[in-house]
Amino acid sequence: MNYWLCKTEPTSYSIDDLKRDQRTEWNGVRNYQARNFIRDDMKVGDKVFIYHSNTEPIGIVGIAKVCQESHPDISALDKKDNHYDPKSKKDSPIWFNVDLCFVKKYKETITLKAIKKDDRLKGIRVAQKGVRLSVMPIDTEHGRHLEIMTK
DNA sequence: GCCAACGTTGGC
DNA sequence: GCCAACGTTGGC
């Protein structure tokens, strides 16, 4: 079992939306490095920390699980979709997504500030300057710590 | 709303 | 294959 972190802007899709839906296709990722993680490495049962960016407070707001491994992202084929990519074709898709299932919402956000201050989370990528990856792996010991930080 | 840092594009 | 220009991300 591996840990991951997925960023989202709560104005477009929040932890509350996921709680309501219980399950969602995590689509719209248009970055090759993130795509590779999604396509090649995310497995059913992996735990995913949901991170709210561009909001107040910024930080990790809950946990989800991978409940379906990668499949082509059909939103890339839809001309009317915001994430439409003319380079992606039905028989040779470029973009992929996994399905995520809701696990829990933290009572309190683990803020980016708190993450940066916590010695046990030293080196965590999401706290590094200029990291724009929207999907990234989390070290096991960091993941374990994040899991027990809020009950 | 600003803007630094980054990824992508496209001309050469 | 370089790299300037551009668009986007995302913290502040």
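We name chains A, B, ... by the order of the sequence lines, and we start the count at 1 in each one. Bear in mind the structure is a predicted one, so any value in this text is a computation, not a measurement.
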Checking the side chain of [X] only, and the main-chain atoms of [Y] only, is there a donor and an acceptor separated by less than 3.5 Å?
X      : Y      : answer
A:D17  : A:S14  : yes
A:K105 : A:D16  : no
A:Q128 : A:G123 : yes
A:S88  : A:I94  : yes
A:D73  : A:G28  : yes
A:T8   : A:Y13  : yes
A:H52  : A:K7   : no
A:D46  : A:N2   : yes
A:R30  : A:H83  : yes

List in numerical order all residues of residues 3-11 of chain A for which some heavy atom is under 4.0 Å away from an atom belonging to DNA chain C. A:K7
Give one of base, sugar-phosphate or nothing for A:K116, where a contact means two heavy atoms less than 4.0 Å apart. sugar-phosphate
When you check the gap from the basic side-chain N to the acidic O, do A:D119 and A:K122 get nearer than 4.0 Å? yes
Any side-chain N or O of A:Y51 under 4.0 Å from OP1/OP2 of C:dT9? no
Taking for A:R30 and for A:K129 the nucleotide of DNA chain B with the nearest heavy atom, the one nearer the 5' end belongs to A:K129
For DNA chain B, the residues among residues 77-99 of chain A that have a non-hydrogen atom under 4.0 Å from it: A:K87
Separation between CD1 (A:I138) and CD (A:E141), nearest 0.5 Å, reads 11.0 Å
Taking CG from A:N54 and C1' from B:dG1, how many angstroms apart are they, rounded to a whole number? 11 Å
Please give, in whole Å, the distance from C:dC12 C1' to A:Q128 CD? 18 Å
Using the side-chain heavy atoms of A:L112, tell me which of these nucleotides is nearest: B:dT8, C:dG10, C:dC12. C:dC12
Show each protein N/O and nucleotides 2-7 of chain C N/O combination with a separation under 3.5 Å, one pair to a line.
residue : atom : partner : partner atom : Å
C:dG7   : N2   : A:R132  : NH2          : 3.4

